[in-house]
Q: 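Here you go, one structure.
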Amino acid sequence: MDDELWKSIPPQLRMEIEPEYYFKIKELDFFLRTRERQKPRRKTLEYLIFLGVLYRRIIKPIDGTLSFSYSLMNAGANGLKVGKKQFNHEKNKQLFKTVIEFKKILEKYNIPAEILEYMAIEDFMKSIERIERKI
Amino acid sequence: MTEKSPFREATDFMVDINQYLLDFGQVLNNQVRRIATYFEINCYNNAVRFYQNQDFEITMINPDSGNGNFVYQLSPAGNPNNFSFFLARKDYQENGKKFTVICSIRQNVRVQSKSDNNIFFTPDIVISHFFEDQTQSEISSDQNLSFYQNQKQKFYFIANENLITFAEAKHYSPFPELIGSFIGIVHVLKPDFLRKNKRKKKGNHFAPSLLISGEGANHVSQIKTSFENRYAINILFELISDGSQLYEREKIKKLNKF
């Protein structure tokens, strides 16, 4: 990913994502040594890896907490209170929107969230090749 | 209309991600220090779903009387009676006899040691016996503990005989000493589970479990396998990606239970 983009990411978020991102990029480069066809796509793959790290480390725990607050509301509560922070539709519009907009990008480009949940880069690349065949 | 692809429409894809980060990067940045808490809440929710999928009836207890919120207990400092929790109840038959199990699923409550009444640990998720007839409470309090004297607040805990099982949630990448320290907690709270013959895949409850967000490299995976074969415990990795390991019906068949 471009340095300019990294610079635009606020510091704590960057610190949370960067180590795993570069670790995965190293694995990707190792994988691409024998995959000539994928080499020209490296930049898009970088973005997908970035998206995956962001999803797993940040978006998913937030989404899970918001989903929990939803299920609590279905069970009759007004929401979830953790310390001084409350989670419900009214209090967390911005947070809900942040998760929804992320999911919209996945939807727009036909990226199933499951492919971002890989452990090994080989599994990730297999999923990528599978969705490419579908689109 | 042709469906979009991140490869075919690569430029648009990158522009959209850049724009997303410009629009929401700061919102996400403000959440980073809360991610460990969110992970713990997710694990708690997954523990509740485990009981749902084990055919327990789940009831929310003690929501805030003022605003109706579920009040999550983040630390053992407060009175557990002021926080919300879930009650799990199941009526079942075994060998022609009828049984009822009722347990509370709480967060961050101190639990008394099995071997020393003056030692307490606080697992993130605590499953304990619940006394429906209210003749007794699973929550005890004591102000006479030597290390706690002169404190204004009461010291609340769950007596060891009321503890059913527990889980510890860790938002880390797994490492050997982390897993080792969990064995220490099991040794203090549920030492019986460190016996191989206690291992089984059937039962209403999950065995004491360590729930780790990060993925396990080869060596820690080896430790996980070794410990799960020797002890009646569960060590789950990658829960941030796959929380369903603790609750999906097919996956919980693999868990150590009792």
Side-chain angles (χ1 to χ4, degrees), chain A residues 1-2 4-5 8-16 41 43-45 47-48 50-51 54-62 64-65 67-69 71-72 75-83 85-88 94-95 97-98 101-102 105 108-111 116-119 128 131-132 134-135, chain B residues 2-10 12-14 16-18 20-39 41-46 48-49 58-60 63-64 67-72 74-75 84 86 171 173 213-216 237-238 240-243:
Chain A
M1 279 185 28
D2 303 327
E4 279 307 305
L5 179 67
S8 73
I9 301 175
Q12 283 178 308
L13 182 61
R14 182 173 171 165
M15 274 167 59
E16 186 70 18
R41 305 162 156 213
K43 195 164 181 187
T44 306
L45 291 169
Y47 270 78
L48 282 164
F50 173 82
L51 220 52
L54 180 67
Y55 178 66
R56 289 192 304 274
R57 297 191 82 92
I58 309 288
I59 302 286
K60 202 158 179 192
I62 296 173
T65 304
S67 303
F68 182 45
S69 73
S71 56
L72 289 170
N78 276 342
L80 169 66
K81 191 173 175 212
V82 185
K85 198 164 172 59
Q86 288 189 26
F87 292 90
N88 59 34
Q94 187 72 349
L95 210 50
K97 195 171 179 206
T98 305
E101 291 300 321
F102 182 90
I105 294 179
K108 183 172 175 184
Y109 293 96
N110 290 287
I111 305 166
L116 304 178
E117 297 179 359
Y118 61 93
M119 279 176 84
I128 290 291
I131 61 161
E132 274 187 287
K134 276 171 66 180
I135 300 170
Chain B
T2 319
E3 289 186 324
K4 286 200 169 189
S5 144
F7 295 100
R8 209 173 39 233
E9 282 83 19
D12 290 353
F13 175 59
M14 291 171 205
D16 281 351
I17 293 177
N18 290 352
Y20 177 81
L21 290 168
L22 287 173
D23 293 344
F24 300 104
Q26 197 54 49
V27 180
L28 295 173
N29 194 58
N30 295 340
Q31 301 300 321
V32 168
R33 64 189 169 83
R34 300 195 181 105
I35 294 295
T37 304
Y38 293 156
F39 174 68
I41 293 169
N42 281 234
C43 288
Y44 177 76
N45 186 23
N46 293 340
V48 174
R49 292 170 81 178
I58 304 292
T59 316
M60 183 172 55
D64 187 310
N67 54 28
N69 280 321
F70 183 94
V71 189
Y72 192 93
L74 262 184
S75 88
S84 312
F86 281 97
H171 181 47
S173 289
S213 62
E215 64 185 87
F237 297 154
E238 269 290 288
I240 209 150
S241 298
D242 183 12

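This one's a predicted model, so the numbers in the text were calculated from it and none came from an experiment.
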Q: Looking at every heavy atom in both A:Pro61 and B:Asn42, which two are closest together, and how far apart are they?
A: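 Closest heavy-atom pair between A:Pro61 and B:Asn42: O-ND2, 3.2 Å.
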Q: Taking the side chain as everything from C-beta on, heavy atoms only, tell me whether B:Val48 gets closer than 4.5 Å to A:Phe68.
A: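 Heavy-atom side-chain distance check fails, nothing below 4.5 Å.
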Q: Do A:Leu48 and B:Phe7 have side-chain heavy atoms sitting under 4.5 Å apart?
A: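 They are in contact (side-chain heavy atoms under 4.5 Å apart), so the answer is yes.
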Q: Once rounded to the nearest 0.5 Å, what's the spacing between atom CD of A:Glu117 and atom CD of B:Glu238?
A: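 The CD atom of A:Glu117 sits 9.0 Å away from the CD atom of B:Glu238.
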Q: What distance separates B:Arg8 CZ from A:Tyr109 OH, expressed to the nearest 0.5 Å?
A: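 Going from CZ on B:Arg8 over to OH on A:Tyr109, the span is 11.0 Å.
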Q: Would a 4.5 Å heavy-atom cut-off, applied to side chains only, mark B:Leu28 and A:Ile59 as touching?
A: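 Sidechains of A:Ile59 and B:Leu28: in contact.
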Q: Mind checking the CG-CZ spacing from B:Asp23 to A:Phe102? Nearest 0.5 Å is all I need.
A: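 So the CG of B:Asp23 and the CZ of A:Phe102 are separated by 14.0 Å.
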Q: Taking B:Asn69's backbone N and O only, do any of them form a donor-acceptor pair with A:Asn78's side chain (distance below 3.5 Å, no angle check)?
A: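 Side chain of A:Asn78 to backbone of B:Asn69, a donor-acceptor pair under 3.5 Å: no, none is there.
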Q: Please check if the number of heavy atoms outside A:Lys85 that lie under 6.0 Å from its NZ is greater than 12.
A: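 Yes - once you tally the heavy atoms of other residues, nucleotides and ligands closer than 6.0 Å, there are more than 12.
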Q: Please report the closest heavy-atom contact between A:Val82 and B:Ile41, naming both atoms and the distance.
A: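 Smallest heavy-atom distance, with atoms named: CG2-CD1, 3.5 Å.
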Q: Using non-hydrogen atoms only, which part of A:Ile62 is less than 4.5 Å away from chain B: side chain, backbone, both, or neither?
A: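 Both parts, backbone and side chain.
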Q: Who among B:Ser75, B:Gly68, B:Pro63 has the most heavy-atom pairs with chain A under 4.5 Å?
A: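 The answer is B:Gly68.
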Q: Less than 4.5 Å to any heavy atom of chain A: does that hold for the side chain of B:Asp12, its backbone, both, or neither?
A: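 Contact with chain A: backbone and side chain both.
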Q: Tell me, with the steps shown, if A:Ile111 and B:Phe13 meet side-chain contact (heavy atoms from CB on, under 4.5 Å).
A: CA-CA 11 Å; A:Ile111 305 166; B:Phe13 175 59; 3.7 Å; yes
Q: Is a donor on one side and an acceptor on the other found under 3.5 Å between the side chain of B:Tyr20 and the backbone of A:Thr98?
A: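 Indeed, once roles are kept as given, a pair shorter than 3.5 Å links the two residues.
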Q: Among all residues two or more places apart in sequence or in another chain, which pass the salt bridge (Lys or Arg N to Asp or Glu O under 4.0 Å) test with B:Glu9?
A: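 Per chain and number, B:Glu9 pairs via salt bridge (Lys or Arg N to Asp or Glu O under 4.0 Å) with no residue.
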Q: Checking heavy atoms, do the side chain of B:Gln26, its backbone, both or neither come under 4.5 Å from chain A?
A: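 Contact with chain A: backbone and side chain both.
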Q: Name the region of B:Ser84, side chain, backbone, both or neither, that has any atom closer than 4.5 Å to a heavy atom of chain A.
A: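 When you check distances to chain A, no heavy atom of B:Ser84 falls under 4.5 Å.
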Q: Can you tell me which of A:Lys108, A:Arg57, A:Gln86, A:Gln94 forms the most heavy-atom pairs within a distance under 4.5 Å of chain B?
A: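 It is A:Lys108.
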Q: Please state whether the side chain, the backbone, both or neither of B:Arg49 comes within less than 4.5 Å of a heavy atom of chain A.
A: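 Answer is neither: B:Arg49 stays 4.5 Å or more from chain A.
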Q: Out of B:Leu74, B:Ile58, B:Ile35, return the one with the most heavy atom pairs under 4.5 angstrom to chain A.
A: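 Winner by heavy-atom pair count: B:Ile35.
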Q: Is B:Phe86 in contact with chain A via its backbone, its side chain, both, or neither, using a 4.5 Å heavy-atom distance?
A: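 For B:Phe86, the side chain is the part near chain A, not the backbone.
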Q: What part of A:Ile58 gets within 4.5 angstrom of chain B, counting heavy atoms only: side chain, backbone, both, or neither?
A: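 Contact with chain B is through both the backbone and side chain of A:Ile58.
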Q: With a 4.5 angstrom heavy-atom cut-off, which part of B:Met60 approaches chain A: side chain, backbone, both or neither?
A: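 Side chain of B:Met60 only, per the 4.5 Å heavy-atom cut-off to chain A.
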Q: With sequence neighbours excluded, what pairs up with B:Ser213 under the side-chain contact (heavy atoms from CB on, under 4.5 Å) test?
A: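 B:Ser213: side-chain contact (heavy atoms from CB on, under 4.5 Å) contacts with B:Phe39, B:His171, B:Ile240.
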Q: Drop me the distance from B:Ile17's CD1 to A:Leu51's CG, to the nearest 0.5 angstrom.
A: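 So the gap between those two atoms works out to 4.5 Å.
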Q: So, do B:Met14 and A:Thr44 sit near enough that their side-chain heavy atoms are less than 4.5 Å apart?
A: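 Yes, side chains in contact.
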Q: Could you tell me which portion of A:Glu16 (side chain, backbone, both or neither) has an atom closer than 4.5 angstrom to a non-hydrogen atom of chain B?
A: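 The answer is the side chain of A:Glu16.
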Q: Heavy-atom distance under 4.5 Å to chain B: side chain of A:Leu80, backbone, both or neither?
A: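 Both backbone and side chain.
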Q: Specify the closest pair of heavy atoms between B:Asn29 and A:Pro10, including all atoms of both residues, with the distance to one decimal.
A: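 It is CG-CB, 3.2 Å.
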Q: Drop me the distance from B:Tyr72's OH to A:Ser69's OG, to the nearest 0.5 angstrom.
A: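 The distance works out to 13.5 Å.
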Q: Ignoring hydrogens, what is the shortest heavy-atom contact between A:Leu13 and B:Gly25? Give both atom names and the distance.
A: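 That closest heavy-atom pairing would be CD2-O, 3.8 Å.
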